[in-house]
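Scroll down for the structure; my scribbles are underneath it.
Just so you know, residue 1 is the first one in the sequence shown, and it goes up from there.
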Amino acid sequence: MPAQTVPLVVLASAVLHAVWNALAHGVRDKLAGFALMNTAFLGCGAALACLTPVPDPAAWPYIAASAALQVGYQLLLLQAYRLGDFGQMYPIARGTSPLVVALLAATVLGPGLPAARLAGVLVISLGLAGLALAGGLPGRAQLPALAAAVGTGVMIAGYTVVDGTGVRASGAPSGYIAWMFLTQGAAMLAVATALRGRALAGQLRTGWRSGLAGGLMSLTAYGLVVWAQAQPGSDLATVAALRETSIVIAAIIGALVLHEGLGRIRLAASATVLAGIAVLELTHG
């Protein structure tokens with residue numbers, strides 16, 4: 001297999017991830033849109049669960065915790081997209097996650113940060129501050145959107161740590177992934193039904209193409225990264241860093257496709273966040 005295949009596959013995953021998030025931002029009824037995405041997760045997860053080994057019992061608490069965190073992540077993300085610009089909300093959410101994971105690793109899970117990783121944390125923090133302050137000091141009206149985006153990043157960090165531990169305890173990574181998608185999809189659909197009641201069924205008919213397309217894009221993006229990580233000789237840190245190029249891609253989509261303001265400033269801040277993530281990933285371990 002050509003050496004350049006893995007980076008190209010990861011970059012394709014990054015594009016898909018940014019595009020499905022742009023679709024989610026553009027859906028008028030965002031709760032219904034996310035419910036449709038989770039219909040795709042539920043269906044694909046159920047199909048995979050029939051074809052893969054059942055995870056070890058030790059993994060089930062992690063699967064349950066991951067589903068809860070995924071629901072929290074989606075609820076916060078749709079709120080961020082309701083209140084803020086895509087080109088600002090997406091990079092803040094994605095950039096906050098590795099920052100939180102690095103700080104947790106240094107303060108709770110292990111020793112202090114080495115100088116190189118501390119530099120990565122500081123660069124990410126600088127980029128996130130640039131995104132938050134791109135239009136000047138945020139007013140009271142902007143704070144809920146920023147809080148939702150940061151909260152989304154915290155949820156991403158949470159399920160990243162949970163899934164990283166759970167998949168190792170499962171004894172069957174493919175089975176863990178299948179049940180993770182199945183439980184996540186079922187949980188989010190249950191929450192959406194609780195919030196909307198019987199009206200949800202009718203609301204799912206509007207924009208169903210975008211919702212299902214977003215779900216399939218999300219699944220494909222994740223599958224491409226898993227495939228890349230499984231390739232012989234694949235450098236996991238490089239794969240993880242390349243995956244986050246979606247941050248810059250999202251800033252470009254926000255500026256050129258969605259015609260949001262402050263394109264150059266947000267692009268520069270997004271690139272700064274990406275540089276900090278690259279430092280964290282490439283100096284890990």
Heavy-atom side-chain proximity of Tyr90 to Ile253 below 4.5 angstrom: no
Quick check for you: to the nearest 0.5 Å, what is the distance between Trp60 atom CH2 and Thr183 atom OG1? 7.5 Å
Give a yes or no on whether the backbone of Ala268 and the side-chain of Thr272 come within a donor-acceptor separation of less than 3.5 Å. yes
Taking the side chain as C-beta and beyond, is there a heavy-atom pair between Leu31 and Met188 under 4.5 Å? yes
Do Phe34 and Val27 have side-chain heavy atoms sitting under 4.5 Å apart? no
Please report the C-alpha distance between Leu99 and Val121 in whole Å, then the side-chain angles of each, then the deciding distance to 0.1 Å, and finally whether the side-chain contact (heavy atoms from CB on, under 4.5 Å) criterion is met. CA-CA 6 Å; Leu99 177 63; Val121 167; 3.3 Å; yes
Close side-chain approach of Arg266 and Asp85, heavy atoms under 4.5 Å: yes
Euclidean distance, Tyr73 OH relative to Thr160 OG1, rounded to 0.5 Å: 10.0 Å
Rounded to the nearest 0.5 Å, the CG atom of Leu133 sits from the CD atom of Gln142 at a distance of 9.5 Å
Answer with yes or no whether the hydrophobic clustering places Leu77 together with Tyr222; edges join I, L, V, M, F, W, Y residues whose side-chain heavy atoms lie under 4.5 Å apart. yes
Calculate, to the nearest 0.5 Å, the distance between atoms CD and CG belonging to Gln184 and Leu42 respectively. 10.5 Å
Separation between CG of Asp163 and OH of Tyr176, rounded to the nearest 0.5 Å: 3.5 Å
What heavy-atom pair brings Met180 and Ser66 nearest, and what distance separates the two atoms? CG-OG, 3.8 Å
If every non-hydrogen atom of Leu78 is compared with every non-hydrogen atom of Leu75, which pair is closest and at what distance? CG-O, 3.4 Å
Over all heavy atoms of both residues, which pair between Ser97 and Ile156 is shortest? Give the atoms and the distance, please. OG-CG2, 3.1 Å
Of all heavy-atom pairs linking Ala46 and Leu182, the shortest is CA-CD1, 3.5 Å
Can any side-chain N or O of His25 pair as donor or acceptor with the backbone N or O of Gly84 at less than 3.5 Å? yes
4.5 Å side-chain heavy-atom contact, Ile92 and Thr96: yes
Taking the side chain as C-beta and beyond, is there a heavy-atom pair between Ser170 and Tyr62 under 4.5 Å? no
Out of curiosity, Ile124 CD1 to Ile247 CD1, how far, rounded to the nearest 0.5 Å? 8.0 Å
Would you kindly confirm whether Leu11 and Val9 end up in one hydrophobic cluster when ILVMFWY residues are joined by side chain heavy atoms under 4.5 Å apart? yes
What one should report as the nearest heavy-atom pair of Pro91 and Leu128 is O-CD2, 4.0 Å
Donor-acceptor contact below 3.5 Å, side chain Thr245 vs main chain Leu242: yes
Tell me, do His17 and Arg94 make a side-chain contact under 4.5 Å, heavy atoms counted? yes
Quick check on the hydrophobic clustering: are Leu83 and Leu195 connected, directly or via other members, by side-chain heavy-atom contacts under 4.5 Å? no
So, does Glu260 use its side chain to make a donor-acceptor pair with the main chain of Phe86 at under 3.5 Å? yes
Let me check something: do Leu76 and Val191 share a hydrophobic cluster, defined by ILVMFWY side-chain heavy atoms less than 4.5 Å apart, either directly or through other members? yes
Are Trp179 and Leu48 grouped together when hydrophobic residues (ILVMFWY) are joined by side-chain heavy atoms under 4.5 angstrom apart? no
Selection residues 169-197 - residue pairs positive for salt bridge (charged side-chain N to carboxylate O under 4.0 Å, His left out), sequence neighbours left out: Asp29-Arg196
Grouping ILVMFWY residues whenever side-chain heavy atoms fall under 4.5 Å, the cluster of Ile252 otherwise contains Val248, Leu256, Leu267, Leu274
4.5 Å side-chain heavy-atom contact, Val279 and Val123: no
Identify the two heavy atoms, one from Phe41 and one from Ser218, that lie closest to each other, and give their separation to 0.1 Å. CZ-OG, 3.6 Å
Look only at the side chain of Ser246 and the backbone of Ala18, and say whether a donor-acceptor pair between them is shorter than 3.5 Å. no
